[in-house]
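Quick note: residue numbers are just sequence positions, from 1.
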Amino acid sequence: MRAPVCAALLLLLLSDAATHQFTDQEMAAVRQRIKSMFYHAYNSYLDNAFPYDELRPLTCDGQDTWGSFSLTLIDALDTLLVLGNRTEFQRVASLLQDTVDFDIDVNASVFETNIRVVGGLLSAHLLAGRAGMELEPGWPCSGPLLRMAEDAARKLLPAFQTPTGMPYGTVNLLHGVSPTETPVTCTAGVGTFILEFAMLSRLTGDPTFENAARRALRALWKTRSDIGLVGNHIDILSKKWVAQDAGIGAGVDSYFEYLVKGAIMLQDEELLNMFQAYDQAIQNYTRFDDWYLWVQMHKGTVSMPVFQSLEAFWPGLQSLLGNLDSAVRTFQNYYSVWRQFGGLPEFYSIPQGYTVDKREGYPLRPELIESAMYLFRATGDHTYLQLGFDALESIERIAKTPCGYASVKDLRDHQLDNRMESFFLAETIKYLYLLFDPTHFLHGGGTEGDGSWEEGGDGGQCVLGAGGFIFNTEAHPLDPAALYCCSRHAQDHQELRDILLSLSQPDGRSKPPAKQTEDPPPNPSDSIALKPGEKRTPPLLSCPVQPFNARLSIFGQVFTDNT
């Protein structure tokens with residue numbers, strides 16, 4: 001049991017050592033290094049791998065991995081704007097519209113396509129105004145990138161057409177779900193859709209997406225064990241748990257993340273209550289000395305005393321809920337592992353204090369840097385900047401190749417693997433840059449009048465870009481303000497139609513409202529985004545955006561409830 005002793009000594013050294021205080025000039029210099037890192041990887045992808053999904057940095061070529069979408073380009077698009085490159089953002093946004101086609105005979109991961117493709121396109125759509133792109137009237141309720149996101153998400157919907165509402169893990173983009181598709185999928189693959197699908201529904205007015213995500217979440221919620229835990233893999237047809245290990249890491253992580261972020265973005269008490277119930281069980285059964293282990297979901301007995309690198313998102317998530325003391329202590333545990341290896345191994349044995357056999361790799365994951373960003377924002381402690389600087393140095397020394405940055409196959413001897421996953425540009429670089437730019441617009445930086453805020457919706461009735469962005473699990477920022485740009489306008493239109501209809505009835509009474517479908521989202525609206533081949537038709541009536549609760553004015557005439 002040498003590990004707890006070593007970890008304790010290291011934590012003592014970390015706490016005793018005076019943390020370096022980064023000056024503004026030093027932080028600016030680090031940001032410049034991060035930009036150079038990004039463009040080395042990005043240009044290598046464009047030169048050697050486009051239009052394939054990913055760069056192979058050891059052989060300087062490309063490969064398709066998640067569906068043949070030019071995935072790295074989609075994933076990196078909003079990072080370009082984060083780094084301030086509006087010109088390249090505009091070029092790539094136009095290029096994707098011309099080259100990406102989702103009508104292809106490809107089996108794609110429902111989970112990965114959602115977080116990377118749908119999330120990436122939605123984020124780029126919401127940032128298009130800041131990037132200086134020409135916007136369609138009524139943006140963000142319409143636009144080419146929004147239509148692309150809707151098209152991609154619609155290809156995923158057949159996976160949700162199950163008796164339980166929980167989706168299959170894979171879908172063919174042209175033919176739907178294969179008859180031979182396995183019904184077993186991971187927990188995260190069921191519960192990681194509410195951010196993208198709810199945003200898509202609110203922008204387009206089509207409730208189908210949000211309904212599907214909510215139905216899957218509620219079905220998964222009902223399968224938790226008597227002690228309040230969920231396992232790792234579930235049969236979506238029988239609702240039987242195939243893998244009964246409960247934890248916060250691989251296969252489960254983003255499910256918990258989306259309950260919290262969904263609750264914040266949608267102001268949804270149901271999602272928050274779900275997470276709080278899970279969190280109580282997690283704290284009771286899986287937490288040991290500020291580590292989180294894996295336990296049997298029904299009994300709570302330890303099944304795997306390991307730390308997984310994907311768990312490093314947890315301190316950042318806890319900080320969003322205000323649980324800073326616990327988050328800081330857990331982060332220090334994870335940081336001690338980073339300092340031991342110069343990266344986070346996929347699996348780390350807590351009792352042995354070393355890597356787990358065949359899980360020694362580090363594919364340049366972002367989770368610990370992500371938590372550092374949140375905790376620095378919450379505390380101002382430069383310890384988190386030091387982690388970011390350590391990460392920058394490690395990646396540069398260990399993973400840099402002439403053609404980009406390679407995944408580390410083995411942290412013990414720094415062997416490299418011939419792969420640069422798209423999340424390196426989407427998440428790792430982005431979180432690293434934002435960690436060292438506390439006044440960035442994504443943090444709510446800037447003042448009124450400097451172009452930080454934008455008007456959106458018909459007539460400019462909503463304000464976007466004022467801060468409070470929610471990052472999906474692929475680090476694509478979504479602006480919660482956009483949720484209210486489209487539905488409010490459509491609600492007023494619907495109210496106007498109802499009043500006019502009631503006035504047209506001989507007895508002044510309106511027809512009973514149509515029966516609603518299952519689980520409609522708040523403020524459903526008519527679809528504004530165009531589907532491929534669809535022609536735009538004018539609305540029945542268009543009026544200035546204002547509430548029509550008691551009366552309305554048309555051509556100077558005022559109609560009241562008694563008219």
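The ring-ring contact (aromatic ring centres under 6.0 Å, His included) check on F341 picks up Y354, with sequence neighbours excluded. By the salt bridge (Lys or Arg N to Asp or Glu O under 4.0 Å) test, R359 pairs with no residue at all, sequence neighbours left out.
The neighbour count for D289 CG, taken as heavy atoms of other residues, nucleotides or ligands under 6.0 Å away, does not exceed 12. Applying the 6.0 Å contact sphere to CD of Q280 captures no more than 12 heavy atoms from other residues, nucleotides or ligands. By the 6.0 Å contact criterion, CG on D226 is open, its count of non-hydrogen atoms from other residues, nucleotides or ligands being 12 or less.
Separation of atoms CD (Q21) and OG1 (T383) is listed at 8.0 Å; rounding is to 0.5 Å. In this structure, CE on M265 lies 5.0 Å from CG on L483, to the nearest 0.5 angstrom. Of the inter-residue distances, the one linking T286 atom OG1 with L229 atom CG reads 7.5 Å to the nearest 0.5 angstrom. Rounded to the nearest 0.5 Å, atoms CG (D235) and OG1 (T185) are 10.5 Å apart. With rounding to the nearest 0.5 angstrom, the NE2 atom of H125 is 5.5 Å from the CG atom of L203. For the atom pair CZ (F331) and CG (L324), the distance works out to 13.0 Å, reported to the nearest 0.5 Å.
Side chain of S319 to backbone of L375: no donor-acceptor contact under 3.5 angstrom is found. Checked by atom type and distance alone, the side chain of T113 never pairs as donor or acceptor with a backbone atom of V117 at under 3.5 Å. Judged purely by atom type and a 3.5 angstrom limit, T162 uses its side chain to pair as donor or acceptor with the backbone of G165. A donor-acceptor pair is defined here as one N or O able to donate and one able to accept, closer than 3.5 Å; such a pair exists between the side chain of D268 and the backbone of L271. Using a distance-only test at 3.5 Å, with no hydrogens or angles considered, a donor-acceptor pair links the side chain of R377 to the main chain of P438. Remark: side-chain polar atoms of D53 are paired, donor with acceptor, to backbone N or O of W66 under 3.5 angstrom. With hydrogens and angles disregarded, no donor-acceptor distance shorter than 3.5 Å links the side chain of S68 to the backbone of D64.
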Quiz item: Y168 and F160: side-chain contact (heavy atoms from CB on, under 4.5 Å), yes or no, with the steps?
Solution: CA-CA 7 Å; Y168 285 97; F160 290 82; over 6 Å; no

Exercise. Show your working on salt bridge (Lys or Arg N to Asp or Glu O under 4.0 Å) between E427 and R365 and close with a plain yes or no.
Key: CA-CA 8 Å; E427 298 186 77; R365 292 197 187 278; over 6 Å; no

Exercise. Evaluate side chain to side chain donor-acceptor pair (under 3.5 Å) for Y405 paired with E396, printing each intermediate quantity in order.
Key: CA-CA 8 Å; Y405 294 85; E396 284 281 274; 2.4 Å; yes

Self-check item: Audit row: E150, K155, salt bridge (Lys or Arg N to Asp or Glu O under 4.0 Å) steps and yes/no
Solution: CA-CA 9 Å; E150 182 182 13; K155 295 293 185 179; over 6 Å; no

Exercise. Decide side-chain contact (heavy atoms from CB on, under 4.5 Å) for L435 and L385; before the verdict, give the C-alpha distance in whole Å, the side-chain angles of both, and the deciding distance to 0.1 Å.
Key: CA-CA 7 Å; L435 171 62; L385 296 180; 3.8 Å; yes

Quiz prompt | Full working for ring-ring contact (aromatic ring centres under 6.0 Å, His included) between F307 and F347 | solution = CA-CA 6 Å; F307 157 62; F347 281 38; 9.6 Å; no

Exercise. List the steps, then state whether side-chain contact (heavy atoms from CB on, under 4.5 Å) holds for M304 with D245.
Key: CA-CA 8 Å; M304 291 190 297; D245 296 309; 4.2 Å; yes

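The shortest non-hydrogen separation linking P351 to P305 is CD-O, 3.2 Å. The two atoms that bring F313 and E370 nearest to each other are CB-OE1, 4.0 Å, heavy atoms only. Contact detail for A49 and L55: the closest heavy-atom pair is CB-CA, 3.7 Å. Of all non-hydrogen atoms in P158 and V177, the two that sit nearest each other are O-CG2, 3.7 Å. Contact between A426 and A475 at its shortest, heavy atoms only, is O-CB, 3.5 Å. For the residue pair I369 and A391, the shortest heavy atom distance occurs at CD1-CB, 3.9 Å.
Residues T204 and D206 have side chains that never bring a donor and an acceptor to within less than 3.5 angstrom of each other. In this structure, a donor-acceptor pair under 3.5 Å is absent between the side chains of Y431 and E367. Side-chain polar atoms of D78 and S123 form a donor-acceptor pair below 3.5 angstrom. Judged by distance alone, the side chains of E346 and S309 do bring a donor and an acceptor atom under 3.5 Å apart. Side chain to side chain, N107 and N172 meet the donor-acceptor criterion of an N or O pair below 3.5 Å. Of the N and O atoms on the side chains of T170 and S109, not one donor lies less than 3.5 Å from an acceptor on the other residue.
The aromatic ring centroids of H443 and F469 lie 6.0 Å or more from each other. Ring centroids of Y335 and Y384 are separated by 6.0 Å or more, keeping the two rings apart.
The ring-ring contact (aromatic ring centres under 6.0 Å, His included) pairs that include a residue from residues 214-242 are W221-Y278, where partners are two or more places apart or lie in different chains.
In this structure, the side chains of Q318 and Y374 stay at 4.5 Å or more apart for every pair of heavy atoms. Between F22 and H20, some side-chain heavy-atom pair lies under the 4.5 Å cut-off.
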Without placing hydrogens or testing angles, list every side-chain donor-acceptor pair under 3.5 Å for residues 186-199, not counting sequence neighbours.
| residue | atom | partner | partner atom | Å |
| --- | --- | --- | --- | --- |
| T187 | OG1 | G231 | O | 2.7 |
| T187 | OG1 | N232 | O | 3.3 |
| T192 | OG1 | A188 | O | 2.6 |
| T192 | OG1 | S254 | OG | 2.8 |
| E196 | OE1 | N114 | ND2 | 3.0 |
| E196 | OE2 | Y258 | OH | 2.5 |
| E196 | OE2 | N472 | ND2 | 2.9 |

Side-chain atoms of residues 292-299: list all donor-acceptor pairs with protein atoms under 3.5 Å, sequence neighbours left out, distances to 0.1 Å.
| residue | atom | partner | partner atom | Å |
| --- | --- | --- | --- | --- |
| Y292 | OH | Q283 | OE1 | 3.3 |
| Y292 | OH | Q283 | NE2 | 3.2 |
| Y292 | OH | W314 | NE1 | 3.3 |
| W294 | NE1 | E311 | OE2 | 3.0 |
| Q296 | OE1 | H298 | N | 2.7 |
| Q296 | OE1 | K299 | N | 2.9 |
| Q296 | NE2 | Q244 | OE1 | 2.6 |

Can you list, pair by pair, the side-chain donor-acceptor contacts under 3.5 Å of residues 417-425, counting residues two or more places apart and other chains?
| residue | atom | partner | partner atom | Å |
| --- | --- | --- | --- | --- |
| N418 | OD1 | L58 | N | 2.7 |
| N418 | OD1 | T59 | N | 3.4 |
| N418 | ND2 | T59 | OG1 | 2.9 |
| R419 | NE | E54 | OE1 | 2.7 |
| R419 | NH2 | E54 | OE2 | 3.1 |
| E421 | OE1 | R116 | NH2 | 3.4 |
| S422 | OG | D75 | OD2 | 2.6 |
| S422 | OG | R116 | NH1 | 2.7 |

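By the 30° and 60° cut-offs, the orientation of the rings of F256 relative to F275 is perpendicular.
Using a cut-off of 4.0 Å between Lys/Arg side-chain N and Asp/Glu carboxylate O, D437 and K430 are scored as not salt-bridged.
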